[in-house]
> 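Sharing a structure below in structure tokens format, with a few things to ask.
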Amino acid sequence: MLTDTHCHVQLREYDRDRDEVLRRALESGVDTLICVGYDASSNQRAQRLTGDRVNGPGRPRLYATAGLHPHDAKDFSPAFLDGVRALAAAGRIVAVGECGLDFYRNLSTPEQQRLAFAAQIELAAELDLPLVVHDREAHESVAELLERHGARSGVMHCFSGDWEFARRCLDLGFYLSIAGPVTYRNAEALRDVAARAPADRLVVETDCPFLTPHPFRGKRNEPALVRLVAEEVARIRKEDPEAFAAQAAANARALFRLPD
Ligand code: NI
């Protein structure tokens with residue numbers, strides 16, 4: 001069975017056919033989904049999706065996270081942190097994030113991004129929860145902030161650095177999450193990372209509805225397609241696809257401390 005360690009099935013893109021999307025995930029052997037929040041409204045929608053109604057028999061197991069994306073760092077406030085704290089206290093989230101830095105789109109200023117990220121790194125340490133880190137064209141600053149603010153564990157979501165940066169993240173105790181771009185033509189550096197990473201530190205994700213793997217690129221992504229990502233990584237590593245999937249699922253359980 002497979003785990004999609006980063007999906008956004010709470011988004012409106014799935015309101016029309018969410019039940020079918022979840023059913024297709026399970027039919028493809030994707031039995032566990034981490035539903036990642038990134039602002040107040042998506043955090044709340046993730047919560048609604050992880051109740052008992054959804055986690056019944058014949059459904060994949062869904063777990064939620066809560067955080068503030070670097071795009072929305074301008075909306076950061078102490079009250080936002082209190083909201084995440086309350087969810088953690090109620091046992092409703094398995095990680096803090098996604099949070100991080102995005103110096104590609106810069107939808108919030110770099111200073112706003114640094115402030116919100118640093119606060120969430122410290123919150124994750126306080127709550128003893130892993131971090132879900134978004135890093136786009138900000139490798140150096142992300143690593144610096146993780147080191148300076150006492151990050152303990154987490155995952156580099158949709159990893160996009162080279163092997164040198166991967167080593168630095170691994171040394172920090174982080175997992176590397178491989179997404180759909182590993183199936184794209186211009187992904188030599190990512191394939192190198194996927195080949196060299198230790199087996200017990202790799203996980204896979206869709207980041208759906210974004211980053212749809214080849215050959216479905218251009219269409220809406222969904223958790224069932226994490227199978228294509230896992231198969232590509234297994235091929236690169238010359239491992240048996242089922243064995244790789246089982247190892248990646250075990251890694252996800254360790255990362256998010258999920259029940260067996
Ligand atoms: Ni995401």
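In each ligand, atom 1 is the first atom listed, and ligand 1 is the first ligand listed.
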> List the atom of Pro181, the atom of Leu190, and the distance in Å for their closest heavy-atom pair.
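Looks like C-CD2, 4.0 Å.
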> About how large, to 10 degrees, is the angle OD1 of Asp207, then the Ni ion (ligand 1), then NE2 of His6?
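It rounds to 90°.
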> Which atom pair, heavy atoms only, marks the closest approach of Pro209 to Tyr14?
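Minimum heavy-atom contact is CA-OH, 3.1 Å.
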> Backbone or side chain, does His157 get an N/O/S atom under 2.8 Å to the Ni ion (ligand 1)?
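So His157 does not bind the Ni ion (ligand 1) by this criterion.
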> With a cut-off of 2.8 Å, does His8 place any N/O/S atom under that distance from the Ni ion (ligand 1)?
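An N, O or S atom of His8 is closer than 2.8 Å to the Ni ion (ligand 1), so yes.
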> Provide the atom name of the closest N, O or S atom of Glu98 relative to the Ni ion (ligand 1).
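Of all N, O or S atoms in Glu98, the Ni ion (ligand 1) lies closest to OE2.
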> Could you tell me which non-hydrogen atom of Ala138 sits nearest to which non-hydrogen atom of Leu101, and how far apart they are?
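Scanning both residues completely, I find the closest heavy atoms to be CB-CB, 3.7 Å.
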> Side-chain heavy atoms under 4.5 Å apart, restricted to Ile/Leu/Val/Met/Phe/Trp/Tyr: what other residues fall into the cluster of Leu225, or is it alone?
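Members alongside Leu225: Phe216, Leu228.
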